[in-house]
Amino acid sequence: MHPYLIELASLMAIFFFAIVSPGADLAMVIRQSIVQGRRAAIVTSFGIGASLMFHVTYTILGLGLIISQSIYLFNIVKWCGVAYLVYIGIKALRAGRTELPAETADAVGAVERQSLSRAFGLGFLANALNPKAVFFFLSIFSTVVSAHTPVVVKFGYGLVMATCLIAWFVGVSLFMTTPRMRAGFARMSQWIDRTSGVVFIALGIKLATEKAG
């Protein structure tokens with residue numbers, strides 16, 4: 001088997017467990033699916049995937065190593081992430097009940113209340129402001145990928161991972177926005193907002209306690 005295929009297979013094996021584990025990204029996509037609808041959730045998924053390429057790019061360029069070795073830079077990223085998670089958590093806690101019009105309750109995503117640029121930005125920032133991603137990509141690229149692997153191939157690995165990440169969250173979006181699921185969740189929307197708000201704030205608090213490794 002070609003060495004590049006072995007590297008890619010090793011990366012994907014590690015990455016698979018990372019993308020299916022609960023975190024801010026998953027909480028964001030689930031909330032977007034329930035509150036904003038299918039289209040917004042899918043666009044948010046693409047924002048998360050684009051953010052992954054952001055992490056991969058600076059890791060390949062060596063900036064990830066600089067951030068991981070600088071307490072000052074790490075703390076800047078960390079506290080931006082904390083502020084963002086707490087902000088969206090508070091907004092979720094203050095949100096009112098989501099109402100789906102009876103005539104469009106089975107037309108998933110028929111009511112758009114959020115711009116696509118905002119939906120994309122929510123996904124991008126949720127992932128980009130996670131300092132743990134710095135160490136994740138730095139560690140897997142330094143241990144799995146050879147230093148002699150061409151940069152273009154490394155970017156190719158990143159594109160494959162980003163595509164898989166987007167596919168995973170699009171799948172979550174499609175499942176969570178089926179007519180039956182969406183109608184059921186709409187009846188509990190206020191409690192879902194409160195729960196997701198608590199989850200985001202808890203993730204922010206957890207992130208605040210993280211230290212550079």
Side-chain angles (χ1 to χ4, degrees), residues 1-30 32-33 41-71 73-78 80-82 84-85 119-176 199 203 206-207 210-213:
M1 184 179 293
H2 197 283
Y4 296 161
L5 291 178
I6 296 176
E7 286 183 346
L8 179 59
S10 300
L11 283 172
M12 293 308 300
I14 299 171
F15 188 61
F16 171 77
F17 292 103
I19 65 175
V20 300
S21 61
D25 294 349
L26 181 60
M28 176 67 73
V29 172
I30 290 176
Q32 285 287 88
S33 300
I42 290 175
V43 173
T44 297
S45 301
F46 275 87
I48 295 172
S51 184
L52 184 147
M53 286 306 300
F54 166 71
H55 288 302
V56 169
T57 298
Y58 69 64
T59 297
I60 293 174
L61 295 177
L63 298 179
L65 180 61
I66 295 174
I67 295 174
S68 69
Q69 297 300 317
S70 170
I71 298 297
L73 290 177
F74 174 83
N75 283 330
I76 289 177
V77 176
K78 182 180 79 170
C80 285
V82 170
Y84 180 69
L85 288 172
F120 184 91
L122 285 172
F124 187 91
L125 289 176
N127 191 284
L129 294 177
N130 182 1
K132 289 190 287 187
V134 177
F135 299 101
F136 175 77
F137 286 104
L138 183 62
S139 62
I140 65 172
F141 268 82
S142 60
T143 57
V144 176
V145 180
S146 170
H148 302 292
T149 300
V151 171
V152 66
V153 175
K154 293 179 182 179
F155 274 110
Y157 294 161
L159 286 173
V160 172
M161 289 190 289
T163 300
C164 291
L165 183 66
I166 291 171
W168 162 251
F169 283 125
V170 167
V172 172
S173 302
L174 294 176
F175 174 73
M176 296 300 295
V199 169
L203 288 169
K206 182 176 183 296
L207 178 58
E210 295 283 341
K211 297 181 179 179

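- If you take CG on Leu165 and CZ on Phe16, they are separated by 12.5 Å, rounding to the nearest 0.5 Å.
- Met53 pairs by the side chain to side chain contact (heavy atoms under 4.5 Å, CB included) definition with Phe155, Leu159, Ala162, not counting sequence neighbours.
- For the side chain to side chain contact (heavy atoms under 4.5 Å, CB included) test, residues two or more places apart in sequence or in another chain that qualify with Ala119 are Gln32, Ala40, Val43, Thr44, Gln114.
- For the atom pair NZ (Lys154) and OG1 (Thr57), the distance works out to 12.5 Å, reported to the nearest 0.5 Å.
- Using bins of under 30°, 30° to 60° and over 60° for the plane-to-plane angle, the ring pair Phe54/Tyr58 lands in the perpendicular bin.
- Atom CD1 of Ile42 is separated from atom CZ of Phe120 by 14.0 Å, given to the nearest 0.5 angstrom.
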Using distance only, find each side-chain donor-acceptor pair of residues 145-152 under 3.5 Å and give its atom names and separation, not counting sequence neighbours.
from   : atom 1 : to     : atom 2 : distance (Å)
Ser146 : OG     : His148 : N      : 3.1
Thr149 : OG1    : Glu7   : OE1    : 3.1
Thr149 : OG1    : Glu7   : OE2    : 3.0
Thr149 : OG1    : Ser146 : O      : 3.3

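- Ser33 and Ser173 get closest at one heavy-atom pair: OG-CA, 3.5 Å.
- Taking all atoms of both residues into account, the shortest heavy-atom contact from Val172 to Ile30 is CG1-CG1, 4.2 Å.
- By the 4.5 Å heavy-atom criterion applied to side chains, Tyr157 and Val56 are not counted as neighbours.
- The closest side-chain heavy-atom distance from Trp168 to Asp25 is not below 4.5 Å.
- Legend: residues meeting side chain to side chain contact (heavy atoms under 4.5 Å, CB included) with Val144, ordered by chain and number and at least two apart, are Ser10, Leu11, Ile14.
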